[in-house]
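Heads up: numbering here begins at 1 and tracks the sequence.
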Amino acid sequence: GLELVMAGESTDEDHIELLNSSFEEFTGSLRNAVKISDSREGIYHTGRQRRVLAVFGKTILHGMTLESITEPAVRSGTGLLDHFTSGTIARSIIDASLMTMYLSEPTLSYCEWQLRREVLHLHELTNRKRFLEPSAKVTKTDAPKVTFFDTYESEKQASRARILASCQALSIDPEKSKKLQEGQWVYTNGGRGAAREAGWDLDAHEFEQSYFSAYVHSHPVSFMKMDEQEISWAHPSPFQRNFVALALSSASNYLYRSNARVEMFTGEECRDPL
């Protein structure tokens, strides 16, 4: 199985078989995701359901890209098998799947959803400012001012006030309420709390998230042992095959979870409990 191959107790045929089976598993989950997404076209959904479907669509696009960059080498057994990008996309699929689950959590009260939505709104607002400010510095001085800044301060204060009101209504600790008003939080209970809420295995999730993160950020784990791993751009090494198999298997598992949730939460307006 996967554990034996990843541990190195295997033959070349085992590495190839694992990669092939992981690819087939992944494409099966991806096809099901596309089928679900297509079936939601033309149906009236609530605003919350539309957000869920948008993030779900993003997950699917990540999946399509992962399929397109791995399929040639998987089918032929040789050629470029881009494990770097495979790890990067797998991490993106994990993140998008977590957000899909977070937005569609069925047990939320109306007030809990309002807080969740407002924290996301404030994060979007403050982080948009972070890239618009430096972008203004590289434009001409006589360029028109970005209209975003005309209402930024008032929007930020209004958003903070709504977060405070929701926190008070939910009896949330004042220190936590203060942090939620900073605009840097995405998940009201942190990423680990969101994964726990989704019912995921936290140990497996943290392993996959941290391992693939090294490839997103070009951290040393992603390149310091390339010689030992026998990385090749023409003939995939056992390490590359195993790594991509893990990326595909992980992505498939997260897609599977997202598929089940979106199938349950969308398709009819009444499937949104709020």
Side-chain angles (χ1 to χ4, degrees), residues 29 32-33 36-37 40 45-60 62-63 90-124 127 159 162-213 216 249-274:
S29 293
N32 191 32
I36 295 169
S37 183
R40 270 48 181 171
H45 286 100
T46 66
R48 184 181 175 201
Q49 288 172 322
R50 289 176 60 210
R51 296 288 188 199
V52 170
L53 288 169
V55 178
F56 185 55
K58 181 175 180 290
T59 316
I60 292 172
H62 290 320
R91 173 56 198 268
S92 294
I93 288 173
I94 292 172
D95 288 347
S97 180
L98 183 60
M99 182 57 74
T100 298
M101 304 295 280
Y102 179 74
L103 293 173
S104 62
E105 172 55 41
T107 65
L108 296 179
S109 67
Y110 180 75
C111 191
E112 287 171 330
W113 167 243
Q114 288 295 96
L115 173 62
R116 193 163 291 201
R117 182 173 65 175
E118 197 59 49
V119 167
L120 292 171
H121 170 69
L122 182 60
H123 187 277
E124 194 278 341
N127 280 264
S159 182
R162 289 190 290 269
I163 290 173
L164 175 60
S166 292
C167 286
Q168 291 174 336
L170 294 166
S171 299
I172 290 175
D173 179 78
E175 282 302 311
K176 180 178 178 181
S177 174
K178 185 177 179 180
K179 290 184 179 296
L180 291 175
Q181 293 173 58
E182 293 174 355
Q184 299 308 305
W185 283 48
V186 174
Y187 302 102
T188 53
N189 291 311
R192 184 179 176 86
R196 183 185 294 108
E197 178 183 79
W200 295 352
D201 181 324
L202 292 183
D203 291 333
H205 173 63
E206 289 185 356
F207 157 67
E208 293 162 331
Q209 190 176 49
S210 61
Y211 187 31
F212 294 134
S213 288
V216 174
S249 180
S250 296
S252 178
N253 287 335
Y254 285 100
L255 266 177
Y256 177 83
R257 296 160 186 165
S258 293
N259 289 349
R261 175 62 66 80
V262 173
E263 182 77 66
M264 177 273 292
F265 188 78
T266 67
E268 295 180 38
E269 184 182 3
C270 62
R271 291 179 184 173
D272 178 353
L274 301 179

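- Rounded to the nearest 0.5 Å, atoms CD (Glu269) and NE2 (His45) are 9.0 Å apart.
- With hydrogens and angles disregarded, a donor-acceptor distance shorter than 3.5 Å links the side chain of Asn259 to the backbone of Ser29.
- Residues Cys111 and Leu115 form no side-chain contact, since every pair of their non-hydrogen atoms from C-beta on lies 4.5 Å or further apart.
- With sequence neighbours left out, the ring pair (Phe, Tyr, Trp, His ring centres under 6.0 Å) criterion links Phe265 to no other residue.
- The side-chain heavy atoms of Leu120 and Val186, taken from C-beta on, include a pair separated by under 4.5 Å.
- Side chains of Lys58 and Thr100 form no contact here, defined as non-hydrogen atoms less than 4.5 Å apart.
- Going from atom SG of Cys167 over to atom CD of Glu118 covers 10.5 Å, rounded to the nearest 0.5 Å.
- Counting heavy atoms of neighbouring residues, nucleotides and ligands inside a 6.0 Å radius, atom NZ of Lys176 exceeds 12 of them.
- To the nearest 0.5 angstrom, Ser104 atom OG is 6.0 Å from Met101 atom CE.
- Considering only heavy atoms from C-beta on, Ser166 stays 4.5 Å or farther from Arg162 through its side chain.
- Applying the side-chain contact (heavy atoms from CB on, under 4.5 Å) rule to Tyr187 yields the partners Leu98, Met99, Tyr102, Ala194; only residues at least two apart in sequence or on another chain are considered.
- For Gln209 against Ile94, the heavy-atom pair with the smallest separation is N-CD1, 4.3 Å.
- The salt bridge (charged side-chain N to carboxylate O under 4.0 Å, His left out) test applied to Arg271 returns Glu268, not counting sequence neighbours.
- Nearest heavy-atom pair, Ile172 versus Ser177, reported as atom, atom and distance to 0.1 Å: CG2-N, 4.2 Å.
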Applying side chain to side chain contact (heavy atoms under 4.5 Å, CB included), run through Thr266 and Arg50 and close with a yes or a no.
-> CA-CA 9 Å; Thr266 67; Arg50 289 176 60 210; over 6 Å; no
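- The minimum heavy-atom distance linking Ser37 with Ile60 is given by the pair CB-CD1, 3.6 Å.
- Proximity of Ser97 to Trp200: side-chain heavy atoms (C-beta onward) are separated by under 4.5 Å at one or more points.
- Distance check: Arg261 CZ to Tyr256 OH gives 13.5 Å after rounding to the nearest 0.5 Å.
- A salt bridge links Arg116 to Glu197: one of the charged nitrogens lies within less than 4.0 Å of a carboxylate oxygen.
- The shortest non-hydrogen separation linking Ala251 to Ile93 is CB-CD1, 3.8 Å.
- The two atoms that bring Ala33 and Leu255 nearest to each other are CB-CD2, 4.1 Å, heavy atoms only.
- Looking at heavy atoms from C-beta onward, Leu103 lies out of side-chain contact with Arg48 at the 4.5 angstrom threshold.
- Salt-bridge annotation for Arg40 and Glu263: present, with a side-chain N of the basic residue lying under 4.0 Å from a carboxylate O of the acidic one.
- Atom OG in Ser109 sits 7.5 Å away from atom CG in Leu274 (nearest 0.5 Å).
- Between Ser250 and Phe212, the closest side-chain pair of non-hydrogen atoms falls below 4.5 Å.
- Closest heavy-atom contact between Ile163 and Leu180: CD1-O, 3.7 Å.
- No more than 12 heavy atoms of other residues, nucleotides or ligands sit less than 6.0 Å from atom CZ of Arg51.
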